[in-house]
Amino acid sequence: MTRVQLGELCGARSGDKLDISDVTLFAPDQPTYKTLCDRVTAAVVAEHFAGIASGPVERYLVPNVWALKFVLHGALGGGASTCLRSDSQGKTHGLALLRLWVDVPDHLVGVASRLRPRHPDAAPRKAHHAS
């Protein structure tokens with residue numbers, strides 16, 4: 001197992017409506033999708049956004065496009081037009097979720113490294129050898 005941030009494995013898209021933010025993770029392949037389904041639960045996402053989302057977090061699986069959709073209630077301080085937060089929209093929540101650390105099988109990190117380029121200053125990845 002290797003501990004990585006979700007951004008090493010998948011992409012995300014987010015949006016908002018009133019006081020609800022939605023974040024969708026998109027896996028690059030079926031094995032990564034299955035691992036995300038196991039590791040990234042509504043409870044894990046609720047804990048990750050504990051300081052932001054005051055309501056429940058719902059998770060919806062979208063297997064035909066290898067996606068997990070999360071709906072965060074009470075995540076925008078009342079909504080964009082009623083909140084005093086400097087950024088009261090859900091557009092940044094996708095990037096925030098990609099910072100979540102998860103443990104994944106080593107072989108998925110090798111797949112992700114081919115699909116997602118890393119910043120040159122990032123710590124080196126653990127070596128991956130094909131079996």
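We use all heavy atoms of the structure for the numbers below, so side chains are in, but hydrogens, waters and symmetry mates are not.
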* To do: Verify, without hydrogens or angle tests, whether Ser14 (side chain) and Gly94 (backbone) share a donor-acceptor contact under 3.5 angstrom.
  => yes

* Structure fact -> Separation between CG (Asp22) and CZ (Arg13), nearest 0.5 Å, reads 9.5 Å

* Asked: Does the side chain of Val104 reach to within under 4.5 Å of the side chain of Val4, using non-hydrogen atoms?
  -> yes

* Arg39, CZ: over 12 other non-hydrogen atoms inside 6.0 angstrom -> yes

* So Val23 and Val45, side-chain contact (heavy atoms from CB on, under 4.5 Å) or not? Walk me through it. -> CA-CA 10 Å; Val23 181; Val45 173; over 6 Å; no

* Just how far is it from atom CG of Leu72 to atom CG of Leu97, taken to the nearest 0.5 Å? -> 8.0 Å

* Are a donor atom and an acceptor atom from the side chains of Asp16 and Ser21 found within less than 3.5 Å of each other? -> no

* Asked: Taking C-beta and beyond as the side chain, do Phe70 and Glu58 meet within less than 4.5 Å on heavy atoms?
  -> no

* **Approximate separation, where rounding is to 0.5 Å, of Leu61 CG and Cys37 SG** => 4.5 Å

* Pairwise side-chain contact, Val102 with Arg3, heavy-atom cut-off 4.5 Å (strictly under) -> no

* Say whether Asp38 and Thr35, considering side chains only, have a donor N or O and an acceptor N or O under 3.5 Å apart. => no

* Neighbour count above 12 (heavy atom, 6.0 Å) for Glu47 CD -> no

* **Interatomic spacing from CZ in Phe49 to CG in Leu100 - rounded to 0.5 Å** => 8.5 Å

